[in-house]
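Throughout, protein chains are lettered first and strands after them, A, B, ... in sequence-line order, and every chain is numbered starting at 1.
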Amino acid sequence: MRYSRAFIPTLKEVPKDATMPSHVLMLRAGYARMVGAGIYELLPLGTRVLHKIEQIIREEMDAAGAQELLMPTFVPGEYFKETGRWDLYGPTLLRVKDRKGGEYHLAPTHEEIITDLARREVKSYRQLPLNLYQIQLKYRDEPRPRAGLLRCREFIMKDAYSFDVSEEAALRSYEQMRDTYHRIFKRLGLEYRVVEADSGAIGGKQSAEFQILAQTGEDWIVACNACDYAANAEVAQAGPAAPPASGTAELQPLEKVKTPDTRSIDEVVSFFGDETTAAHTLKSLLYLAAEGLCLAVVRGDHEVNELGLARHLGVEEVLLASDAAVKEATGTEIGFVGPVGFAGRIIADPDAVAVPNAIAGASDTPYHYKNVNHGRDFEAEVVSIRQAASGDPCPNCDGKLELYRGIEGGHIFVLGTHYSDKMHATFLDEAGSSQSIVMGCYGIGVSRLIAAIMEQHHDEHGIRWPVNVAPYEVIITPIGKEAAPLTQATEIYDALRAEGVDALLDDRAERPGVKFKDADLLGIPLRVTVGSRGLKQGTVELKKRTESESQDVPIDGAVAAVLTAINDREG
RNA sequence: CGGGGCGUAGCGCAGCUUGGUAGCGCGCACGGUUCGGGACCGUGAGGUCGGAGGUUCGAAUCCUCUCGCCCCGACCA
């Protein structure tokens with residue numbers, strides 16, 4: 001492509017409505033424009049990236065034996081009504097009426113439609129296993145679309161559905177998709193973690209999310225820096241924390257200290273001063289659960305994982321007790337509550353009970369106890385109820401946990417017979433008896449990946465595409481107003497195209513600075529600079545977007561050098 | 001849905017408090033000088049001030065309603 005003819009509307013300034021890097025960059029670099037909230041048009045550059053991502057997905061899905069098809073996005077409501085999702089989906093489902101008043105919707109996902117196809121066409125175990133996928137638009141009227149392509153109301157998804165004769169066979173399909181997803185995400189140049197998720201509400205046996213690590217992501221995940229452990233922050237565990245530095249391991253006698261105006265851990269720490277840190281204190285929080293009140297105790301520098309606490313208690317959720325309830329139950333004010341002498345149920349985190357001679361509220365305003373020790377001064381059920389945090393030890397190895405934001409790039413799920421039972425999608429087995437087809441579903445947010453890759457691959461100058469997904473692999477930049485650089489650049493451009501390289505020739509009559517800035521902004525992985533200066537010595541410059549230095553290469557070696565650089569990065 | 005912010009030229013913004021001929025920078029067009037990291041000078045095109053209603057001699061500015069967008073939260077197969 002010749003840049004002078006390309007539709008690449010770049011912006012010098014950051015559009016006011018964009019805050020996230022990928023959102024800013026896709027607008028500034030001319031990849032996409034907004035039409036409405038959560039509704040975008042992909043411009044030529046964005047479309048090229050989309051096609052590259054799709055191509056990688058297709059290659060890997062096809063290699064796994066999946067077959068591409070295309071289902072409608074505009075579908076009759078009867079299928080969702082059949083499974084109950086017409087009502088369950090709520091306002092997120094975009095409903096449409098046709099001229100006769102018939103109820104339709106724009107598909108947010110296709111389990112029902114594909115299950116209907118399967119029940120009509122799959123009759124025999126001989127037709128299984130089967131894995132069908134499509135790449136097309138999905139519609140979800142999200143309550144809050146945000147961050148450009150990261151959360152849209154109309155977006156492009158790859159959704160695959162597997163059909164098997166048994167749970168075991170379905171699990172094999174699931175594992176195969178997991179392997180396939182690993183290959184896809186690696187080829188896309190993404191740093192990601194597979195996060196085991198709880199088996200969800202929908203009769204699922206197993207599910208995993210492919211979380212792309214990005215500080216701008218919506219999900220919180222905890223991941224080890226040494227091993228593969230990764231989990232949603234909600235369910236993440238941490239290994240035992242190192243106990244706080246302590247003058248003596250000897251148990252000191254319990255001591256009640258008057259501590260006015262020390263409601264927060266910070267205030268307590270600064271009151272006691274000296275060597276005291278938050279890790280020397282205990283944080284005691286009173287929670288309301290269905291069965292009544294209980295006191296949760298974690299180390300002062302830790303936070304309570306309320307979901308974990310609720311699970312231990314066997315209840316749906318727990319709520320922090322109000323000031324009044326705290327006063328009534330303990331006779332003291334918030335900030336002075338402690339486990340010593342507490343009459344009710346106490347649940348303490350292992351890291352909390354490991355603190356020797358801890359400082360804790362005395363349940364008497366305004367006093368704290370010094371030298372509180374579990375087992376001597378109070379008894380508690382010891383259960384891990386703290387949130388895993390950045391820097392915590394990994395529960396599985398010697399590594400450290402890091403807290404990340406994640407972008408959910410993919411999700412794989414064993415569905416079981418949830419849909420096939422409801423929709424009577426059955427087959428005849430070898431013995432001639434009717435069985436429900438066992439299903440799995442596998443999604444990738446394709447348009448979201450465009451943004452996710454930008455989130456991971458950019459710097460202050462612009463995007464830095466991995467070569468596999470770059471809209472153009474190389475940009476050839478002639479410099480100067482003489483004819484020679486453009487002539488030479490065009491020669492290299494033609495040669496590269498003949499080699500099948502996606503090349504962009506910056507033939508614009510712009511000053512060098514403008515061309516360099518744009519090349520960096522667009523994020524083209526390689527730049528070949530052809531200037532009269534180099535031509536005199538018979539060289540051109542080759543520069544990688546990710547490196548600050550360029551290298552001189554002989555003119556007739558330029559094409560080979562570009563091919564080498566591209567293939568290096570593909571490896 | 002709750003909280004906050006913003007709608008004025010393609011983009012970024014000023015003007016609004018105190019009503020009186022709609023401005024600046026970038027971009028765009030033309031001419032000239034420049035030419036290895038977003039050059040400079042000159043000329044010019046481009047706006048129903050998100051929309052509707054009201055107050056007023058007169059509304060971008062004041063009042064009412066409304067639409068849209070962004071951020072935080074709630075929600076999210």
Side-chain angles (χ1 to χ4, degrees), chain A residues 9-20 23-24 27-30 33-40 80 83-93 105 107-115 138-148 150-153 155 157 159-161 197 199-204 207 209 216 218-219 408 410-415 418-419 439-445 448 460-462 477-482 485-486 506 508-522 527 529-536 540-541 543 545 548 550 552:
Chain A
T10 58
L11 302 169
K12 274 192 176 176
E13 298 191 69
V14 177
K16 146 176 75 79
D17 287 339
T19 53
M20 292 242 211
H23 193 187
V24 170
L27 295 172
R28 281 201 56 212
R33 290 290 185 262
M34 186 182 76
V35 174
I39 305 171
Y40 285 82
F80 265 50
T83 60
R85 285 214 279 186
W86 182 263
D87 295 319
L88 274 178
Y89 233 98
T92 302
L93 188 66
H105 69 267
T109 178
H110 278 83
E111 282 81 8
E112 283 85 348
I113 306 305
I114 197 127
T115 304
K138 291 280 186 285
Y139 294 86
R140 295 179 190 179
D141 195 359
E142 297 282 352
R144 191 182 153 208
R146 56 188 288 274
L150 281 175
R151 186 167 210 83
C152 282
R153 295 194 291 172
F155 59 98
M157 183 187 236
D159 47 325
Y161 304 87
S199 49
I202 313 177
S207 93
E209 295 168 343
T216 46
E218 291 184 283
D219 301 329
E408 187 186 342
H411 184 156
I412 58 177
F413 211 98
V414 179
L415 287 173
H418 181 78
Y419 292 95
M439 293 173 57
C441 68
Y442 317 93
I444 291 180
R448 171 181 282 178
E460 68 272 27
H461 303 295
T477 307
I479 293 299
K481 57 179 190 287
E482 306 94 336
L486 179 58
D506 195 349
R508 297 175 299 170
E510 290 288 352
R511 295 159 58 89
V514 173
K515 292 186 175 186
F516 294 151
K517 287 286 184 188
D518 278 339
D520 288 349
L521 179 61
L522 303 196
R527 190 180 78 207
T529 308
V530 183
S532 48
R533 210 163 65 190
L535 289 183
K536 279 176 195 143
V540 296
E541 291 165 39
K543 182 181 174 299
R545 176 65 178 84
S548 54
S550 65
D552 291 341

Distance between the C1' atoms of rU55(B) and rC65(B), in whole angstroms?
15 Å
Which residues pass the salt bridge (charged side-chain N to carboxylate O under 4.0 Å, His left out) test with Glu541(A), sequence neighbours left out?
none
In whole Å, measure the gap between the C1' atoms of rU21(B) and rA52(B) for me.
25 Å
Can you tell me how far P of rC1(B) sits from CG of Asp141(A), to the nearest Å?
11 Å
Heavy-atom nearest nucleotide on RNA chain B taken for Tyr89(A) and for Asp17(A); more 5' hit belongs to Asp17(A)
Any strand: nucleotide that pairs with rC40(B) via Watson-Crick or wobble, under 3.5 Å:
rG32(B)
Gap in Å between the two P atoms, one belonging to rG25(B) and one to rA60(B), rounded
23 Å
Treating Arg448(A) as the side-chain partner and Glu408(A) as the backbone partner, does any N or O pair qualify as donor plus acceptor under 3.5 Å?
yes
Using whole Å, report how far CD of Glu142(A) lies from C1' of rC71(B).
17 Å
Does the pair Lys138(A)/Asp159(A) count as a salt bridge with the N-to-O cut at 4.0 Å?
yes
Pick the P atom in rU18(B) and in rC63(B), then give their distance to the nearest Å.
10 Å
To the nearest angstrom, how far is Lys16(A) atom NZ from rG50(B) atom C1'?
11 Å
Sticking with atom C1', work out how far rA9(B) lies from rC24(B), rounded to a whole angstrom.
12 Å
In whole angstrom, give me the gap between the C1' atoms of rU8(B) and rG68(B).
15 Å
Residues in side chain to side chain donor-acceptor pair (under 3.5 Å) contact with His23(A), at least two apart in sequence or another chain:
Tyr40(A)
To the nearest Å, how far apart are Glu13(A) CD and rA9(B) P?
14 Å
State the pairing partner of rG12(B); accept Watson-Crick or G-U wobble contacts with both distances under 3.5 Å, and report none otherwise.
rC24(B)
Tell which nucleotide pairs with rA74(B), taking only Watson-Crick or G-U wobble pairs whose two distances are both under 3.5 angstrom.
none
Any base atoms under 4.0 Å from Ala147(A), or only sugar-phosphate, or nothing? Heavy atoms, all strands.
sugar-phosphate
Hits for side chain to side chain donor-acceptor pair (under 3.5 Å) against Thr19(A), two or more places apart or cross-chain, chain-then-number order -> none
Find the partner of rG7(B): check Watson-Crick (N1-N3 plus N6-O4 or O6-N4) and G-U wobble (N1-O2, O6-N3) distances, both under 3.5 Å, and reply none if neither fits.
rC67(B)
Pick the C1' atom in rG31(B) and in rC70(B), then give their distance to the nearest Å.
42 Å
Residues in side chain to side chain contact (heavy atoms under 4.5 Å, CB included) contact with Leu93(A), at least two apart in sequence or another chain:
Phe80(A), Trp86(A), Tyr89(A), Arg95(A), His105(A), Pro108(A)
Let me spell it out: for each of Met20(A) and Glu218(A), pick the nucleotide of RNA chain B with the closest heavy atom. Which residue's pick is nearer the 5' end?
Met20(A)
Side chains of Ser207(A) and Glu209(A): do they bring a donor and an acceptor to under 3.5 Å?
no
Rounding to an integer number of Å, can you tell me how far Leu27(A) CG sits from rC70(B) P?
11 Å
What is the per-nucleotide protein-contact pattern of nucleotides 33-44 of chain B, from the 5' end, where B denotes a base atom under 4.0 Å from a protein heavy atom, S denotes such proximity for sugar-phosphate atoms only, and - denotes neither?
-BBBBBB-----
When the C1' atoms of rG38(B) and rC11(B) are compared, how many Å lie between them, rounded to an integer?
15 Å
Does OP1 or OP2 of rC72(B) have a side-chain N or O of Arg146(A) closer than 4.0 Å?
yes
With heavy atoms under 4.0 Å as the rule, sort Thr19(A) into base, sugar-phosphate or nothing.
sugar-phosphate
Using a heavy-atom cut-off of under 4.0 Å over every strand shown, decide if Pro143(A) touches base, sugar-phosphate, or nothing.
base
Does anything in residues 509-521 of chain A pair up under side chain to side chain donor-acceptor pair (under 3.5 Å), and if so which pairs, sequence neighbours excluded?
Arg508(A)-Asp518(A)
